[in-house]
Amino acid sequence: MKRIAILGSTGSIGRSTLSVVESYPDRFQVSTLAAGNNAELAFEQAVRWKPRVVSLADEAAAQALQSRLRQAGLGKNEVEVVHGAAGTVRVATHPEVDFVVSAIVGVSGLEATYEAVRAGKTVGLANKECLVVAGELLTAEARKQGKPLLPIDSEHNAVHQCLRGGRMDEVERIWLTASGGPFLNTPKSEFASITVEQALNHPTWKMGKRITIDSATLMNKGFEVIEACRLFNVPPDRVQVIVHPQSTIHSLVEFVDGSILAQISVTDMRLPILYALTHPERIPSELRFSISDLRHLDFSPPDMAKFPCLGLAYEAAAAGGAKTIALNAADEVAVAAFLEEQIGFEDIPRIVEETMAATPAGHLESIRGVLALDTEARLLAREMTKRHARKGSPIRAIS
Ligand code: MG
């Protein structure tokens, strides 16, 4: 029986993880949950799964949850309710836990994820920021503990699977597939007038707002380049992005002899979650892909001039440390400003580039250092954002 902690249990990866656990009650058991701000769903999950510990973001919500659980007949000995950053760390490092699913969006999941690795837990990573801003620290600690970091991001999960086809020194390059986002065929001349509504209209995946905008700028793919470099310990020039609008192949690995292995499956996050939870085993599932329905697969190189965020991410991947922190922080600030219609679509890469340029290169030695620089970079990015902010009316749709 594998005992599982979920960081981000009320989010979409968290809920998918619980649905996998539900399908295999003889294999997995929920030990602890970190639920963030959704107190209502946290209550339902606590009643359904009776975890040892539940953590919520703030103290008042935690107290309210505790009294509701009491009324429902679940005392402190059954379910302990904690809160805040320390609460999340407690969920991640609980002695009963074998496996931690790290699915809190943003850098707020970083400390708990790092502590889970440090406590010798096997970690399934769905959070991007952890690897982007602190990939060097996380992977070094995992190596020290002799525990794998198992990717739940669909592309890296695919690469992880393909890498089982050979040794690391037999790998020529990693190919990350990209859907291309909603502006794959939009001419560059129209980019200045892209609206929030258009950018939020992703062709393949239904996701949160930031990751949807990041998919439209290809910054998401840029983050994935950095994740791949850190997870698989390869330099950025051996990670290539290829646009594949059908998103049928989740990613590929090319070996030195010229063989290329690809991973195909349904676009359902339960599969990478199941893969990570059962690694190194594979177990039967109902997540079938109908290969006979497959008609064609298209591929094209990404347009680096149209999507400067991708190039900036390659730069950050090569420099590492401080530059990756600046990249992530500036992008989050710029995307928020774009969503509020303060800046245009093309200002996002400008703000990222300026923030990266203003952040001195360097490598951080602790998670605390990473978080401090993250705060600094956000302040810088807000300054840059003000300079680009549009005066007057919000951006109009292309007519
Ligand atoms: Mg992905």
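Only this structure's heavy atoms are used, side chains among them; waters, hydrogens and symmetry mates stay out.
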- Give, for atom OG1 of Thr217 and atom CG of Leu310, the distance between the pair rounded to the nearest 0.5 Å. 9.0 Å

- Task: Kindly compute the distance separating OG1 (Thr113) from CD (Glu115), expressed to the nearest 0.5 Å.
- Result: 10.0 Å

- Message: Can you give me the closest heavy-atom contact between Leu287 and Asp268, atom names plus distance?
- Response: CD2-OD2, 3.7 Å

- Between atom CD1 of Ile211 and atom CD1 of Ile213, what is the distance when rounded to the nearest 0.5 Å? 11.5 Å

- Query: Within the distance-only criterion (no hydrogens, no angle test), does the side chain of Asp58 pair as donor or acceptor with the backbone N or O of His83 below 3.5 angstrom?
  - Reply: no

- Query: Which heavy-atom pair separates Thr355 from Met384 by the least distance, and what is that distance?
  - Reply: OG1-CG, 3.7 Å

- Measure across Leu176 and Ser251 and return the closest heavy-atom pair with its distance rounded to 0.1 Å. CA-OG, 3.4 Å

- Minimum side-chain heavy-atom gap Arg230-Ile226 below 4.5 Å: yes

- Item | Where Ala142 and Leu149 come nearest, the two heavy atoms and their spacing | CB-CG, 3.9 Å

- Message: Under 4.0 Å between a side-chain nitrogen and a carboxylate oxygen: does that hold for Arg368 and Glu111?
- Response: no

- Under the 3.5 angstrom rule, does the side chain of Arg295 hit a backbone N or O of Ser292 as a donor-acceptor pair? yes

- Note on the structure: Looking only at heavy atoms, the pair that brings Asp298 and His244 closest together is O-ND1, 3.0 Å

- Hey, does His388 have a side-chain heavy atom less than 4.5 Å from the side chain of Ile351? yes

- Out of Glu281, His160, Arg282, which residue meets the side chain to side chain donor-acceptor pair (under 3.5 Å) rule with Tyr275? His160

- What about Phe183 and Phe345, are their ring centers closer than 6.0 Å? yes

- Query: Just by modelled atom types, is the Ala34 backbone N or O under 3.5 Å from a matching donor or acceptor in the Ser55 side chain?
  - Reply: no

- Phe299 side chain reached by Trp175 side chain, heavy atoms, under 4.5 Å: no

- Item | Criterion salt bridge (Lys or Arg N to Asp or Glu O under 4.0 Å) against Glu22, the qualifying member of Arg48, Arg270, Arg27 | Arg48

- Item | Arg210 and Glu332 ion-paired at < 4.0 Å | yes

- Message: A side-chain contact here means heavy atoms from C-beta on lying under 4.5 Å apart; do Val133 and Leu110 qualify?
- Response: yes

- Task: Evaluate the side-chain contact (heavy atoms from CB on, under 4.5 Å) criterion for residues Leu33 and Val91: first the C-alpha distance (whole Å), next the side-chain angles of each, then the deciding distance (0.1 Å), finally the verdict.
- Result: CA-CA 6 Å; Leu33 298 172; Val91 164; 5.6 Å; no

- With the 4.5 Å side-chain cut-off for hydrophobic clustering, are Val239 and Val159 part of the same group? yes

- Check Gln263, His250, Glu227, Lys221 against Glu155 for a side chain to side chain contact (heavy atoms under 4.5 Å, CB included) and give me the one that passes. Lys221

- Task: Output yes when a side-chain donor or acceptor of Asp153 lies under 3.5 Å from a complementary backbone atom of Ala126, and no otherwise.
- Result: no

- Got a salt bridge between Glu353 and Arg350, using NZ or NE/NH1/NH2 to carboxylate O under 4.0 Å? no

- Query: Hey, what do you get for CG (Leu327) to CG (Asp331), rounding to the nearest 0.5 Å?
  - Reply: 6.5 Å

- Item | Flag, side chain of Glu136 to backbone of Gly321, donor-acceptor distance under 3.5 Å | yes

- Task: Taking the side chain as every heavy atom from C-beta outward, state whether Glu315 and Met356 have any atom pair closer than 4.5 Å.
- Result: yes

- Query: Quick one: does Glu340's side chain have a donor or acceptor within less than 3.5 Å of a partner on Ala337's backbone?
  - Reply: no

- Message: Please check: side-chain N/O of Asn157 versus main-chain N/O of Pro151, any donor-acceptor pairing under 3.5 Å?
- Response: yes

- Item | Within 6.0 Å of CD in Glu365, more than 12 heavy atoms from elsewhere | no

- Give the C-alpha distance, both sets of side-chain angles, the deciding distance and a yes or no for side-chain contact (heavy atoms from CB on, under 4.5 Å) between Glu78 and Leu69. CA-CA 10 Å; Glu78 280 100 24; Leu69 288 173; over 6 Å; no

- Message: Please tell me whether Leu379 and Val352 are part of a single hydrophobic cluster in this structure, the criterion being side-chain heavy atoms less than 4.5 Å apart.
- Response: no

- Message: Do Ile249 and Val243 sit in one hydrophobic cluster, given that two such residues count as connected whenever their side-chain heavy atoms are within less than 4.5 Å of each other, even indirectly?
- Response: no

- Any donor-acceptor pair under 3.5 Å linking the side chain of Lys121 with the backbone of His94? yes

- Query: Does Arg52 CZ have over 12 foreign heavy atoms under 6.0 Å away?
  - Reply: no

- Item | side-chain contact (heavy atoms from CB on, under 4.5 Å) between Ile260 and Val253, intermediate numbers included | CA-CA 6 Å; Ile260 299 177; Val253 173; over 6 Å; no

- Message: Would you say Tyr314 ends up clustered with Ile325 if hydrophobic residues are merged whenever their side chains have heavy atoms under 4.5 Å apart, either directly or through other cluster members?
- Response: yes

- Item | Rounded distance (nearest 0.5 Å) linking atom CD1 of Ile6 with atom CD1 of Ile4 | 6.5 Å

- Query: Is there a side-chain contact between Ile242 and Pro302, using heavy atoms and a 4.5 Å cut-off?
  - Reply: no

- Query: Between Val123 and Val105, is there a shared hydrophobic cluster once you connect ILVMFWY residues whose side-chain heavy atoms come closer than 4.5 Å?
  - Reply: no

- Please tell me if the side chains of Thr278 and Phe28 come closer than 4.5 Å, counting only heavy atoms from C-beta onward. yes

- Query: Hey, are Arg238 and Glu254 close enough for a salt bridge, meaning a charged N less than 4.0 Å from a carboxylate O?
  - Reply: no

- Query: So does Lys128 pair up with Glu224, basic N to acidic O under 4.0 Å?
  - Reply: yes

- Item | Side-chain (Ser67) to main-chain (Ala64) donor-acceptor, under 3.5 angstrom | yes

- Supply the atom-to-atom distance Ser108 OG to Glu129 CD, rounded to the nearest 0.5 angstrom. 8.0 Å

- Ser31 side chain to Glu96 side chain, donor-acceptor N/O pair below 3.5 angstrom: yes

- Classify the side-chain pair Gln63/Arg68 by whether it contains a donor and acceptor separated by less than 3.5 Å. no

- Mind listing the closest non-hydrogen atom pair of Ala322 and Thr359 along with its distance? O-CG2, 4.1 Å

- Message: Any non-hydrogen side-chain atom of Leu339 less than 4.5 Å from a side-chain atom of Val335?
- Response: yes

- For the pair Arg3 and Asp98, find out whether any cationic side-chain nitrogen is under 4.0 Å from an anionic carboxylate oxygen. yes

- May I have the step-by-step check of side-chain contact (heavy atoms from CB on, under 4.5 Å) for Thr139 and Asn233, ending in yes or no? CA-CA 9 Å; Thr139 52; Asn233 200 20; over 6 Å; no

- Message: Any side-chain to backbone donor/acceptor pair from Lys306 onto Leu184? Under 3.5 Å, distance only.
- Response: yes

- Query: Does NZ belonging to Lys188 count more than 12 external heavy atoms closer than 6.0 Å?
  - Reply: yes

